[in-house]
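Below is one structure, written out as structure tokens; the observations come after it.
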2 protein chains.
Amino acid sequence: MKKNSRLSAVLHALMHMAERDAPMTSDDLALCLDTNAVVVRRTMAGLRDAGIVQSGRGHGGGWVFARPLAEISLLDIYHALGEPIVFQIGPATESPGCVVEQSVNRVVGDALKDAEAILMARFAQTRLSDLAADFGAAAKARRALTDTG
Amino acid sequence: MKKNSRLSAVLHALMHMAERDAPMTSDDLALCLDTNAVVVRRTMAGLRDAGIVQSGRGHGGGWVFARPLAEISLLDIYHALGEPIVFQIGPATESPGCVVEQSVNRVVGDALKDAEAILMARFAQTRLSDLAADFGAAAKARRALTDTG
DNA sequence: CGGATTCGTAACATTTGTTGTTACATGAAA
DNA sequence: TTTCATGTAACAACAAATGTTACGAATCCG
């Protein structure tokens, strides 16, 4: 299956936004992500609804953060994207009648659930400011948002 | 996209095999799994190549275990299936030129890698005999294979 | 006001992976 | 030799993510 790259894509976009003070248009971001402006809007829509970013129309419009980077976790982003499916592997039947299949689903499902919990915990404790620091944009990001927030 | 259910499907099939002493044909298993015999053969092929099961043709043929259930881990099965992709979420670009994207990929990739390691560890420590015990087929399974192994 | 800019969104095409199906060859047992 | 069963290739059906086009709505600037 094709992988769902919305999480990585949106993080990439947000980090480019963090490098700038001014709003970035969907076309700007589409260039950064090597994709289409419509795809950018589609992906960012969830973040806007979640109050993570804001969009403005017309001249001087575009995308800006609605909160300081230190107050946005990867888990916030993940949820704002509609909680994309984490695992590609899964049961053949959700509610099987066969007790054997029920047993298999329970054992494998528990393992997947635990792994997912680990992942979510990691996402929860990682902030956008950490990500920005990772490539040396920490200072810029702080100047751009923490002061105003 | 559709989920990859081969792991669950093959475990379901193996547990039905564990309930019986006699070989089960692909048609038998296809009935259990509510699918097609060709799909069963296709999926089981990896397990046969890995020496986990054996297939026999002609009258009285079908699928049997090649090792005791206690000596087969879920990780063995997972590898035998060609290590299906675990995560549906992933990076947009594998080897990006953009340093920002590299940073994002590293952070998200590390989190995914850790979660995958947790999952693999769980798979490694879970044997088919554990699975069989989970639905009360432990006695049967032991009678069928541990004695002969 | 009018034009340029930019987001919002629906509709459709493209791509890719999984699963289902058909057809036929190969091997083994009765 | 007939029947049963696997091995495998080829193709169809289906689903999900992404790319593309088109058009509407809001905003800014002159």
Side-chain angles (χ1 to χ4, degrees), chain A residues 1-10 12-13 17 22-50 52-64 66 81-94, chain B residues 1-10 12-13 17 22-50 52-64 66 81-94:
Chain A
M1 285 181 183
K2 204 180 256 184
K3 280 200 172 183
N4 184 326
S5 59
R6 267 175 294 180
L7 180 62
S8 293
V10 90
H12 184 188
M17 284 169 58
M24 288 187 76
T25 69
S26 300
D27 272 317
D28 291 338
L29 293 172
L31 269 178
C32 291
L33 306 191
D34 196 29
T35 181
N36 190 290
V38 175
V39 175
V40 172
R41 293 192 197 109
R42 193 191 288 158
T43 309
M44 299 283 280
L47 303 201
R48 183 191 55 227
D49 297 346
I52 295 170
V53 297
Q54 288 177 341
S55 60
R57 306 201 210 198
H59 282 274
W63 299 92
V64 292
L81 289 175
E83 308 191 6
I85 301 298
V86 171
F87 293 108
Q88 183 148 4
I89 61 184
T93 313
E94 283 303 333
Chain B
M1 277 190 180
K2 212 179 253 182
K3 277 201 171 181
N4 185 324
S5 58
R6 268 176 293 181
L7 180 61
S8 293
V10 91
H12 185 189
M17 284 169 58
M24 288 187 76
T25 68
S26 300
D27 273 317
D28 293 338
L29 292 173
L31 270 178
C32 292
L33 305 192
D34 194 31
T35 182
N36 190 288
V38 176
V39 175
V40 171
R41 293 193 196 107
R42 192 190 289 159
T43 309
M44 299 283 281
L47 303 201
R48 183 192 54 228
D49 297 346
I52 295 171
V53 297
Q54 288 176 341
S55 59
R57 306 202 212 199
H59 283 271
W63 299 91
V64 291
L81 289 175
E83 308 190 7
I85 301 298
V86 171
F87 293 108
Q88 183 147 3
I89 61 183
T93 314
E94 283 303 333

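Each chain gets a letter, A, B and so on, in the order its sequence line appears, and its residues count up from 1. Just so we're clear, the structure is a prediction, and the values are computed from it rather than from any experiment.
Met44(A) contributes atom CE, which lies 9.5 Å from atom CE of Met24(A) (distance to the nearest 0.5 angstrom). The line from CG of Leu81(A) to CG of Leu47(A) is 5.5 Å long, rounded to the nearest 0.5 Å.
Put simply, Ser26(A) has a side-chain N or O that comes within less than 4.0 Å of OP1 or OP2 on dC7(C). Look at Arg48(B) and you'll find a side-chain N or O under 4.0 angstrom from OP1 or OP2 of dT8(D). The phosphate of dA5(D) has neither OP1 nor OP2 within less than 4.0 Å of any side-chain N or O from Ser55(B). Look at Ser5(A) and you'll find a side-chain N or O under 4.0 angstrom from OP1 or OP2 of dT18(D). For Arg41(B) and dT6(D), the shortest distance from a side-chain N or O to OP1 or OP2 is below 4.0 Å.
Gly60(B) and Pro23(B) make their closest contact through O-CG, 3.7 Å (heavy atoms, listed as atom of the first residue, atom of the second, distance).
Distance from the side chain of Asn36(B) is smallest to dT22(C) among dT27(D), dT19(C), dT22(C). Comparing dG7(D), dG8(C), dT21(C) by their nearest atom to the side chain of Trp63(B) picks out dG7(D). Relative to the side chain of Thr25(B), the nucleotides dA25(D), dG20(C), dA5(D) differ in distance, and dA5(D) lies closest.
Not a single donor-acceptor contact under 3.5 angstrom links the side-chain atoms of Arg57(A) to the base of dT9(C).
Across Thr25(B), Val10(B), Thr35(B), a single residue satisfies side chain to side chain contact (heavy atoms under 4.5 Å, CB included) together with Val40(B), and that is Thr35(B). When each of Val38(A), Thr43(A), Val39(A) is checked for a side chain to side chain contact (heavy atoms under 4.5 Å, CB included) with Arg41(A), only Val38(A) meets the rule.
Between Thr93(A) and His12(B) there is no side-chain heavy-atom pair separated by less than 4.5 Å. Residues Trp63(B) and Ser55(B) have side chains in contact (heavy-atom distance under 4.5 Å, counting atoms from C-beta outward).
As rounded to whole Å, 17 Å separates atom C1' of dT19(C) from atom CG of Leu29(B). Taking atom CG of residue Asn4(B) and atom P of nucleotide dT16(C), one finds them 18 Å apart after rounding to whole Å. Following rounding to the nearest Å, Asp34(B) (CG) and dT21(C) (C1') show an atom-to-atom distance of 15 Å. Taking atom CG of residue Leu81(B) and atom P of nucleotide dT19(C), one finds them 11 Å apart after rounding to whole Å. Per the geometry, CZ belonging to Arg42(B) stands 13 Å off P belonging to dA10(D), to the nearest Å. As rounded to whole Å, 13 Å separates atom P of dT27(D) from atom CD of Gln54(A). Between the P atom of dT5(C) and the CG atom of Asp27(A) lies a distance of 11 Å, rounded to the nearest Å. What separates CG of Leu7(A) from P of dA17(D) is a distance of 14 Å, to the nearest Å.
Heavy-atom distances to DNA chain D give each of Gly56(B) and Val38(A) a nearest nucleotide, and the one nearer the 5′ end belongs to Gly56(B).
Nucleic acid contact class of Arg6(A) (heavy atoms, under 4.0 Å, all strands): sugar-phosphate only.
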Sub-3.5 Å pairs of nitrogen or oxygen atoms, protein against nucleotides 1-3 of chain D:
unit_1 : atom_1 : unit_2   : atom_2 : d
dT3(D) : O2     : His59(B) : NE2    : 3.2

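Crowding of Asp34(A) atom CG: a count of heavy atoms from other residues, nucleotides or ligands under 6.0 Å not exceeding 12.
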